[in-house]
*Asks:* 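Handing you this structure, nothing more for now.
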Amino acid sequence: MQLSSQYDPSSIEDKWYQVWMDQQAFRSVPDQRPPYTITIPPPNVTGILHMGHILNNTIQDVLIRRKRMQGFNACWVPGTDHASIATEAKVVQMLAQQGIKKSDLAREDFLAHAFAWKEKYGGIILSQLRKLGASCDWERTAFTMDEGYSKEVIQVFCDLYRKGYVYRGVRMVNWDPSAQTAVSDEEVNHKETQGHLYHLRYEIEGRHGEAVVIATTRPETILGDTAIAIHPEDERYTHLHGARAIVPLVGRSIPIILDTYVDREFGTGCLKITPAHDVNDYEIGIRHRLPVIDAINPDGTISAAGELYVGQDRFAVRKQIAKDLDAAGHLVKQEPYTHAVGYSERTNAAIEPRLSQQWFLKMKDISQPALQAVTDGEVKLIPDKFVNTYRHWMENVRDWCLSRQLWWGHRIPAWYIVGTDQVVVAENEALALQQARELTANPSLTMADLSQDEDVLDTWASSWLWPISVFKGISEPENEEIRYYYPTNDLVTAPEILFFWVARMIIAGYEYRGQKPFQNVYLTGIVRDDQRRKMSKSLGNSPDPLDLIAQYGADAVRVGMLLASPAGNDLLYKEILMEQGRNFANKIWNAFRLVMSWETSQEVPGDRDLLAIDWMTNKLDASLLEIQDHFDKFRISDALMSVYKLIWDDFCSWFLEMIKPDYGKPISQAAKEGTVVLFEKLLQVLHPFMPFMSEELWHGLRERPASDLICLSSMPEAATPNLANLEEVALIQEIITTVRSFRKDKGIAFKEPVALFVNTEQAATFERYRSLLDRFLNLSELSFVADQPGGTGSMRVRSHEMYIPMANVDTEAEREKILKEIDYTEGFLTSVMKKLSNEKFVGSAPAQVVEIERKKQADAEAKLEVLRKSLNELGGGN
RNA sequence: GGGGGAUUAGCUCAGUUGGUUUAGAGCGCUUGCUUCACACGCAAGAGGUCACUGGUUCGAAUCCAGUAUCUCCCACCA
């Protein structure tokens, strides 16, 4: 068999994914096994795979594949989110390119376009996940606007309304003038923005020449001014109590009011009040029963109520009104000023605080169990530092604005009775009509008398049901699936959406199932570039994951991503990580090539073979325990690093070097079989991380039926490792390393056999591992001595001293080397003795700890003895 | 402004209720090696006063206080 020395993933990955699909390897249906369930954080239906998805989904796949191999009924539910704002924005953009304006379309027509778009491009991301190797049960693929799912979303809204949690009210919302919708607090990014602080002069009504000066960053909002506020105890302005001011340009008379909200230190200490366009002003307006002048239209232009500049954009007006105010003598000064401005996360438009009718969910009561669950550890956050953040947020939770002024989404199931201000909320038209008839006591009402709310629900008002609704847990609360799979086990997501999504899922879980939705929440970091900048399209600093997979292979990409990403830490992406993953794959591939190249004989295994297999078996057991421990603590990177070192260092660098036959010679059949068995176990441990290559080699190592897949095999379980054996081999390895170092140092080529003389009390150990020493050190002779033979150089491991003959012994260099070792060992001994001579230490430290120190002392003293003896023999003395 | 987190080798991070550590890993770096699985490799090696200052303790990278720097979340002064 001729195999390339470089592993080529491209020819293998698609092949195995197809086999897995054909054999329904990832299909899950309820059965007798315990379930292990993950519901995917549904990506935007129109999204494409980015580096964050790679990290996130690799972690999920590692978890799910491992549990699948550990005998759980592993179920990973995939799907997509309709992502109302993002998707609608894309559709609007797509239509614009075709010369179609959204405003020219009827709702139904627009939705037809949107669904057509979704059919065409929706779910591309899911097919991309297959390239990564994601072992989802694709038959379960869900979408938050599927018919059944939508039904549950509506049902929940109606239920919450009936329970009194949902209400409708006029509130100041974050208005996105570009998308023309309200967005949630969480979807607003505050950014430091360079602007100006304008000092404006308002004349006092009826007092000629007298004026008050206010400071504002938004002069255009004076069109909506309905008061000036001063602090009641501000002595500079007591003469203004009860007076009225005139709004410049507009000429409107407004009261001067007293409110402690005003900060006397800021600006002039006078604050203009625009209740319609500022959150704080709105609240002050309510306290003082001020009129509200809505001077800005939904699209960001000045409204008729503003009187001036009607129809012009707010930013254009800001510039113009400053000039006009200046010309009219009202602009006292204008200074550069940096302040935080809110921008829409979706459209990046400057947010306009705006009053509007919205639907809200009261959060205080409904969120209590969810707060409790996380504080009590019923739901675990990993890493747990997020618990504090979570608690802080939940304790100060604000009502959730549920409505969005969009078409793409779940239309709010509220109907207004035309000509009245009455509203009914119901699951469907028929029920709504029935309720409306009862409400109005008018049985002759028809649908024509009802008009449905135009708004849709916030996306999160559907995705918060995700772990429930993918199993139809709302509409069929007792069905077999929800009872089997819920609560799910782990959720893997980004900390950015801890409140958007995770907290709300927990709330919904307790409200609708009376149980948590998942046990553990693993919060990944954010993928950044090597300068710690977030990966973004506009910066162009994000590689295309599919290119990376094509270039390095999915297994390598998975390994590369995981190697540098402990939970909760950001991942600094570097191409070199991908190379490391690829190199690892290549290493394994070559180990495979080596083993496959061995010819076998029927001889019994040699001593070296037996030692090697025995040690590797122990090493594997020890590593299995370590790996399990890492997984228990969600230390996925560490678990991978353990596998990496187990394969690269222990298996390839040591075991294969121990067992491989001399060139051109066969290996005993039994030894080869032992090697294959170990290799198979390694591949199984590796499988969750590198599913494709492990499956390929699983089938390459041994003839097996096509149905014998590694992904469905049973994960090896750890036996108790023989620690004495591991300890002994560790000593032998240390000796090998030391002698190799000595050879290199003295320029003795490996090809040149050497004699090794050893002064040790453990000659038996050396003898027992003689065959390994021969193999790694190319020994011509191994003998035990009591003194250093002449013409040799020395080296020490612990208290064993070894000598190798040398042509020219540099006595001075030897002396120096030994003195240096003495120096270090004495320092070490001193620190140990400091502890041991302290009665309080011996008295209060645990016996085990004292014992360890005594051992350290004995070892150090033995070593010093050896060193001093050598020094004497060199003719030095000390 | 309020709250969290961090600060350990050039880089990214471990260090698990203070004592198996005069501190570990991976990558990078240095040196030697065309050793017949692999140069996407082998072998050996260098590299850290654990941010700083105090304190608690027989003992501190680990606990406490303060300082400095960085970072995240929340709220936001017009």
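Hydrogens, waters and symmetry mates play no part in the numbers below; they use all other heavy atoms, side chains included. Every chain is numbered from 1, with letters handed out A, B, ... down the list of sequences.
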*Asks:* Who passes salt bridge (Lys or Arg N to Asp or Glu O under 4.0 Å) against K856(A), sequence neighbours left out?
*Replies:* E853(A)

*Asks:* Determine which pairs satisfy salt bridge (Lys or Arg N to Asp or Glu O under 4.0 Å) with at least one residue from residues 647-664 of chain A, sequence neighbours left out, and list them in order.
*Replies:* E657(A)-K660(A), D662(A)-R775(A)

*Asks:* Drop me the distance from K364(A)'s NZ to R398(A)'s CZ, to the nearest 0.5 angstrom.
*Replies:* 13.5 Å

*Asks:* Centres of the W393(A) and Y390(A) rings: under 6.0 Å?
*Replies:* no

*Asks:* May I ask you to say what P846(A) touches in the nucleic acid, namely base, sugar-phosphate or nothing, with a heavy-atom cut-off under 4.0 Å?
*Replies:* base

*Asks:* The criterion is salt bridge (Lys or Arg N to Asp or Glu O under 4.0 Å); which residues satisfy it with R854(A), sequence neighbours excluded?
*Replies:* none

*Asks:* Work out how far the C1' atom of rU30(B) is from that of rA9(B), and round it to whole angstrom.
*Replies:* 15 Å

*Asks:* Does anything in residues 640-651 of chain A reach RNA chain B, meaning a heavy atom under 4.0 Å, and if so which residues?
*Replies:* M641(A), Y644(A), K645(A), W648(A)

*Asks:* Suppose we screen for salt bridge (Lys or Arg N to Asp or Glu O under 4.0 Å). Which residues come up paired with E839(A), at least two apart in sequence or across chains?
*Replies:* none

*Asks:* Show me the protein contacts with nucleotides 15-18 of chain B, counting only N or O atoms at under 3.5 Å.
*Replies:*
from	atom 1	to	atom 2	distance (Å)
rG15(B)	OP1	R635(A)	NH2	2.6
rU16(B)	O2	K633(A)	NZ	3.0

*Asks:* Using the C1' atom on both, measure rU62(B) against rA78(B) and round to a whole Å.
*Replies:* 48 Å

*Asks:* Hey, does the side chain of K751(A) come within less than 4.0 Å of rC33(B)'s phosphate (OP1/OP2), counting only N and O?
*Replies:* no

*Asks:* Enumerate donor-acceptor pairs with a distance under 3.5 Å from any side-chain N or O in residues 217-225 of chain A to protein atoms, sequence neighbours excluded.
*Replies:*
from	atom 1	to	atom 2	distance (Å)
R218(A)	NE	E220(A)	OE2	3.1
R218(A)	NH1	E352(A)	OE2	3.0
R218(A)	NH2	E220(A)	OE2	3.2
R218(A)	NH2	E352(A)	OE1	3.0
R218(A)	NH2	E352(A)	OE2	2.8
E220(A)	OE1	R318(A)	NE	3.1
E220(A)	OE2	R318(A)	NE	3.4
E220(A)	OE2	R318(A)	NH2	3.0
T221(A)	OG1	R218(A)	O	2.7
T221(A)	OG1	K272(A)	NZ	2.7
D225(A)	OD1	K272(A)	NZ	2.8
D225(A)	OD1	T274(A)	OG1	2.9
D225(A)	OD2	Y202(A)	OH	2.4

*Asks:* Taking atom C1' in both rC63(B) and rU17(B), what distance in whole Å separates the two?
*Replies:* 11 Å

*Asks:* Sticking with atom C1', work out how far rG1(B) lies from rA75(B), rounded to a whole angstrom.
*Replies:* 8 Å

*Asks:* May I ask you to say what E657(A) touches in the nucleic acid, namely base, sugar-phosphate or nothing, with a heavy-atom cut-off under 4.0 Å?
*Replies:* base

*Asks:* Is T389(A) near enough to rG3(B) that one of its side-chain N or O atoms lies under 4.0 angstrom from OP1 or OP2?
*Replies:* no

*Asks:* Protein-nucleotides 76-78 of chain B N/O pairs closer than 3.5 Å?
*Replies:*
from	atom 1	to	atom 2	distance (Å)
rC77(B)	OP1	N280(A)	ND2	2.6
rC77(B)	O2	D263(A)	OD2	2.8
rC77(B)	N3	D263(A)	OD2	3.4
rA78(B)	OP2	Y337(A)	OH	2.8
rA78(B)	O3'	T217(A)	OG1	3.2
rA78(B)	N6	D263(A)	O	2.6
rA78(B)	N6	F266(A)	O	3.0
rA78(B)	N1	D263(A)	N	3.3

*Asks:* P atom, rG48(B) versus rG24(B): distance in rounded Å?
*Replies:* 13 Å

*Asks:* Which pairs, protein N/O on one side and nucleotides 30-32 of chain B N/O on the other, fall under 3.5 Å?
*Replies:*
from	atom 1	to	atom 2	distance (Å)
rU31(B)	O2	K744(A)	NZ	2.4

*Asks:* Should K835(A) be listed as having a side-chain N or O under 4.0 Å from OP1 or OP2 of rG19(B)?
*Replies:* no

*Asks:* Identify all stems in which RNA chain B takes part, counting only runs of at least 3 consecutive pairs (Watson-Crick or G-U wobble, each distance under 3.5 Å), and give each as one range with another, ordered by first number.
*Replies:* B:1-7 with B:68-74, B:10-13 with B:24-27, B:29-33 with B:41-45, B:51-55 with B:63-67

*Asks:* With the threshold set at 4.0 Å, does a side-chain nitrogen-carboxylate oxygen contact exist between K534(A) and E496(A)?
*Replies:* yes

*Asks:* F679(A) and F651(A): aromatic ring centres closer than 6.0 Å?
*Replies:* yes

*Asks:* Are there any protein N/O atoms within less than 3.5 Å of an N/O atom in nucleotides 5-13 of chain B, and if so, which ones and at what distance?
*Replies:*
from	atom 1	to	atom 2	distance (Å)
rC11(B)	O2'	K574(A)	NZ	2.8

*Asks:* Base, sugar-phosphate or nothing for Q580(A)? Non-hydrogen atoms, less than 4.0 Å.
*Replies:* sugar-phosphate

*Asks:* Under 4.0 Å, heavy atoms only, any strand: does R740(A) hit a base, just the sugar-phosphate, or nothing?
*Replies:* sugar-phosphate

*Asks:* Under the rule for side-chain contact (heavy atoms from CB on, under 4.5 Å), what residues qualify as partners of K574(A), not counting sequence neighbours?
*Replies:* D530(A), I576(A)

